[in-house]
Amino acid sequence: MTATSSAPPAPTASSTPVATTSAPPATLPVASLPAGSLRGIVVGLDPGHNGLNYTDPAYLAKQVWNGREWEDCDTTGTETDGGYPEPRFTFAVAEYLRTMLEHAGATVVMTRDTNSGKGPCVNRRSQIINAAHADVALDIHADGGPSTGRGFAILEPVADGPNDGVISSSERLGGELRSALLRLTPMPTSTYDGVNGITRRDDLAGLNLTTVPKVLVECGNMRNATDAALLVTPAFQRQLARAMAAAVLAFVR
């Protein structure tokens with residue numbers, strides 16, 4: 001995802017790896033949270049984009065209402081200079097995180113279960129999580145910002161009607177996530193987006209349409225060499241998942 005609402009360029013066939021439905025390695029750090037510590041909690045996870053979005057520009061260009069204005073159904077997502085695509089990254093992190101949360105007793109609702117399809121559209125992603133009555137939700141992305149900028153940014157909603165009841169709780173979730181990312185990962189706060197790692201956005205369906213506490217996290221900048229070297233590694237993806245799991249636990253407690 002880019003720092004603005006405009007869609008990034010579609011990956012070229014030569015630079016985009018073949019999408020895969022395979023899960024991350026079996027050696028998952030499931031003991032990151034105490035067993036049963038999230039029993040009865042519903043967590044919504046939205047791994048941004050999808051592995052085959054780039055194959056159907058017409059589908060992506062379909063207009064959907066985001067709560068304030070019309071926007072594209074979805075985008076391809078960004079990629080590193082080496083061709084590692086954002087959808088592959090977001091799905092890997094979400095899979096690690098889902099395993100940790102389920103080990104802790106949570107019910108996890110995902111907006112997509114593979115990285116070998118298209119969509120769903122951004123408004124539909126909100127509908128899936130809202131319909132599940134999630135106690136907390138995370139939209140997982142990586143940014144396509146300026147190559148000189150690095151760091152994570154947490155995007156929080158601005159009141160626009162549907163989300164009025166979850167603004168303060170979403171801000172609290174954002175604070176817990178910021179603290180966990182700084183404590184448990186080497187990624188700093190963004191040098192180019194927001195203030196101290198927090199920014200408020202009113203142009204994204206995932207935030208405008210939410211009826212549950214939710215933030216969107218740009219886990220780093222794929223266009224920055226230092227960030228990219230971290231983002232593509234399973235070890236760092238697991239660190240991110242641990243931080244997100246810790247933030248969820250802190251929030252619901």
Side-chain angles (χ1 to χ4, degrees), residues 1-5 43-49 66-67 75 77-78 86 89-90 92-94 96-97 100-101 111 122 125-126 129 134-146 149-160 163 166-224 226-228 230-231 236-253:
M1 182 174 175
T2 59
T4 67
S5 57
V43 182
L45 299 181
D46 180 16
H49 314 290
N66 74 6
T75 70
T78 188
E86 182 185 357
F89 164 80
T90 64
V93 173
Y96 287 129
L97 179 54
M100 294 176 193
L101 295 172
T111 59
V122 288
R125 291 169 186 255
S126 281
I129 291 174
D135 297 286
V136 58
L138 298 172
D139 290 354
I140 302 170
H141 286 263
D143 204 12
R150 63 168 311 210
F152 72 82
I154 296 168
L155 282 54
E156 298 177 352
V158 174
D160 69 348
N163 63 13
V166 295
I167 297 301
S168 61
S169 55
S170 296
E171 290 175 353
R172 183 164 62 84
L173 173 62
E176 297 288 4
L177 181 55
R178 178 186 181 278
S179 296
L181 288 170
L182 288 174
R183 186 175 73 252
L184 298 174
T185 82
M187 188 66 73
T189 57
S190 178
T191 62
Y192 63 93
D193 189 9
V195 177
N196 294 325
I198 302 291
T199 185
R200 290 173 176 82
R201 292 282 291 270
D202 65 1
D203 59 336
L204 302 172
L207 299 180
N208 291 353
L209 300 176
T210 188
T211 58
V212 306
K214 182 197 283 187
V215 296
L216 184 155
V217 56
E218 301 280 14
C219 297
N221 180 11
M222 285 194 147
R223 310 306 296 191
N224 174 273
T226 302
D227 281 10
L230 289 170
L231 292 165
F236 181 67
Q237 292 164 5
R238 288 192 292 268
Q239 285 184 323
L240 288 169
R242 288 189 191 102
M244 293 177 194
V248 167
L249 181 60
F251 175 81
V252 299
R253 282 182 169 175

Next on the checklist: Looking at Val166, is its backbone amide N or carbonyl O close enough to the side chain of Asn163 to form a donor-acceptor pair, meaning the two atoms are under 3.5 Å apart?
Outcome noted: no
Item to check | Sidechain N-carboxylate O distance under 4.0 Å for Arg200, Glu171 | outcome: yes
Item to check | Side chains of Leu230 and Pro186 in contact at under 4.5 Å (non-hydrogen atoms) | outcome: yes
Checklist outcome for this item: What one should report as the nearest heavy-atom pair of Ala241 and Tyr96 is CB-CB, 3.7 Å
Checklist entry - Does some side-chain heavy atom of Pro47 sit less than 4.5 Å from a side-chain heavy atom of Val93? => result no
Checklist entry - Do you know the tightest heavy-atom contact between Cys219 and Leu240? => result CB-CD1, 3.9 Å
Checklist entry - What heavy-atom pair brings Ile129 and Ala137 nearest, and what distance separates the two atoms? => result CG2-CB, 3.7 Å
Checklist entry - Hey, mind stepping through Ile154 and Leu216 against side-chain contact (heavy atoms from CB on, under 4.5 Å) and telling me if it holds? => result CA-CA 6 Å; Ile154 296 168; Leu216 184 155; over 6 Å; no
Next on the checklist: side-chain contact (heavy atoms from CB on, under 4.5 Å), that's the test. Do Val215 and Leu155 meet it? Break it down for me.
Outcome noted: CA-CA 6 Å; Val215 296; Leu155 282 54; over 6 Å; no
Checklist entry - Quick one: does Arg223's side chain get under 4.5 Å of Thr78's, heavy atoms only? => result yes
Checklist entry - Sub-3.5 Å donor-acceptor pair from the side chain of Arg178 to the main-chain atoms of Asn196, do we have one? => result yes
Next on the checklist: Keeping Asp202 on the side-chain end and Val158 on the backbone end, is there a donor-acceptor pair under 3.5 Å?
Outcome noted: no
Next on the checklist: Quick one, Thr111 with Leu45, criterion side-chain contact (heavy atoms from CB on, under 4.5 Å). Give me CA distance, side-chain angles, the key distance, then yes/no.
Outcome noted: CA-CA 7 Å; Thr111 59; Leu45 299 181; over 6 Å; no
Checklist entry - Does the Glu218 side chain pair with the main chain of Asp143, one donor and one acceptor, at a distance under 3.5 Å? => result yes
Checklist entry - Would you say Asn66's side chain and Asp203's backbone share a donor-acceptor pair under 3.5 angstrom? => result yes
Checklist entry - Do the non-hydrogen side-chain atoms of Leu207 and Glu156 ever get within less than 4.5 Å of each other? => result no
Item to check | Step-by-step side chain to side chain donor-acceptor pair (under 3.5 Å) determination, His49 to Thr90 | outcome: CA-CA 8 Å; His49 314 290; Thr90 64; over 6 Å; no
Item to check | Under 3.5 Å donor-acceptor, Arg150 side chain and Asn221 backbone | outcome: no
Item to check | Asp227 (side chain) donor-acceptor with Gly151 (main chain) under 3.5 angstrom | outcome: yes
Checklist outcome for this item: Residues Phe89 and His141: closest non-hydrogen pair is CE2-O, 3.8 Å
Next on the checklist: Main chain of Pro213, side chain of Ser170: is a donor-acceptor contact present, judged purely on distance under 3.5 Å?
Outcome noted: no
Checklist entry - Which atom pair, heavy atoms only, marks the closest approach of Leu184 to Ala246? => result CD1-CB, 3.9 Å
Checklist entry - Does some side-chain heavy atom of Leu97 sit less than 4.5 Å from a side-chain heavy atom of Leu138? => result yes
Checklist outcome for this item: In short, Ser126 meets Gly206 closest at the heavy-atom pair OG-CA, 3.3 Å
Item to check | Heavy-atom side-chain proximity of Leu181 to Met187 below 4.5 angstrom | outcome: no
Item to check | Candidate pair Asp135 and Val43, rule side-chain contact (heavy atoms from CB on, under 4.5 Å), full reasoning | outcome: CA-CA 6 Å; Asp135 297 286; Val43 182; over 6 Å; no
Checklist entry - So, Thr185 side chain and Ala243 main chain: donor-acceptor pair closer than 3.5 Å or not? => result no
Checklist entry - Among Asp46, Thr210, Leu209, which residue meets the side-chain contact (heavy atoms from CB on, under 4.5 Å) test with Arg125? => result Asp46
Checklist entry - Under the 3.5 angstrom rule, does the side chain of Glu86 hit a backbone N or O of Ala142 as a donor-acceptor pair? => result yes
